[in-house]
Amino acid sequence: MSMWGSALVGGFSRLGSFDHARKIFEQMTARNAVSMNGLMVGLVRQKRGEEAVEVFKETRHLVDINIDSYVILLSACAEFALLDGGRRKGREVHGHAIRTGLNDAKVSVGNGLINMYAKCGDIDHARSVFGLMVDKDLVSWNSMISGLDQNKCFEDAVKSYNSMRKSGLIPSNFALISVLSSCASLGCILLGQQTHGEGIKLGLDLDVSVSNTLLALYAETGRLAECQKVFSWMLERDQVSWNTVIGAVADSGASVSEAVEVFLEMMRAGWSPNRVTFINLLATVSSLSTSKLIHQIHALILKYNVKDDNAIENALLACYGKSGEMENCEEIFF
DNA sequence: TTAGGGTTAG
């Protein structure tokens, strides 16, 4: 058991069979950091950050914790960083990292701290960790740039991206996504197009998520034709790509049937709609006075089981309210 | 060998 135990624990935990993984862990005679880390990773991937922290608390005395345990612990805190408990725990881990010299020992600890603070909305601390890091790798820059973007410091995200380039680092898909997202928020199409060009040169436009961000950039700056051009050139598309284009068509003021046509194409291509799809779709349909289409979409919402959702309920209410069907409004409410 | 960056809507 001790030989295979760690691999089994990690394997089951990552597959989402956490209870099973935990049982094996408890039966192990020689528990180690790898098995404990495996347990935590499984929970973090399921967005169960608080439980991962609990596992750390309960098992830290049983095993020889390694540096990676702290990095995983930081990502667990980042999962619930917007809650008081997550913020408190994150700061506590930082304090511990400073006392034990961990934050200087490994780049990944610094990277984890930047990410954790950025997710807490504490961008000042994220910046100061980044500034104090002696060694920075690509992930350090990516974490900083995405943190700035997520905290709405769009201009600084662009500046940071340029600094990274000046330092001779070649941007990866992650940095490109964050900086393109900032360009879109700034409404800065020139910078966006320039970055798009860089992405093509680096071959990063082949990444689905990079292309998705380009779709959003062109959609948000009112360039539907550019958006559709990028979409048509995409070799690979995912649910986000389709949702973004549906949203772009809906926002462009095109006819309802055009947005519905993209939606049908999405379905024909074998993709299932999700809550974002329906929110985008209902936004267009709400301008209609005829209710047949609304009923059809409502049926699909029930079929795909996304009905227990406030945003969807509100969008449906808006549609039925406008079409004057108050009985259906009541049905959604009660 | 376990970890640390990401895109759609609101």
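Residue numbers start from 1 in every chain, and the chains themselves are labelled A, B, ... in the order their sequence lines are given, proteins ahead of strands. Predicted model, so just to flag it, every value in this text is computed and none were measured.
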Under the 4.5 Å side-chain heavy-atom rule for ILVMFWY, direct or indirect, which residues accompany A:Leu235?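 Other cluster members: A:Leu206.
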
Aromatic contact, A:His295 with A:Tyr320 (centres under 6.0 Å):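 When the ring centroids of A:His295 and A:Tyr320 are compared, they turn out to be within the sub-6.0 Å range.
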
Determine whether the aromatic ring centres of A:Phe263 and A:Trp242 lie less than 6.0 Å apart.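 Between A:Trp242 and A:Phe263, which both carry aromatic rings, the centre distance is not below 6.0 Å.
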
Quick one: classify the glycosidic conformation of B:dG5 as syn or anti, with syn meaning within 90° of 0.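 You should classify B:dG5 as syn.
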
Among pairs that include at least one residue of residues 172-230 of chain A, which meet ring pair (Phe, Tyr, Trp, His ring centres under 6.0 Å), considering only residues two or more places apart or in two chains?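 For residues 172-230 of chain A: A:His196-A:Tyr218.
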
Contact pattern, 5' to 3', of nucleotides 4-10 of chain B - B, S or - by protein heavy atom under 4.0 Å: BBBBBB-

Measure the distance from CG on A:Leu39 to P on B:dT2 and round it to the nearest whole Å.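 The answer, rounded to whole Å, is 14 Å.
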
Consider side chain to side chain contact (heavy atoms under 4.5 Å, CB included). Of A:Ile145, A:Leu148, A:Val158, which one does A:Cys153 pass it with?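 Result for side chain to side chain contact (heavy atoms under 4.5 Å, CB included) with A:Cys153: A:Leu148.
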
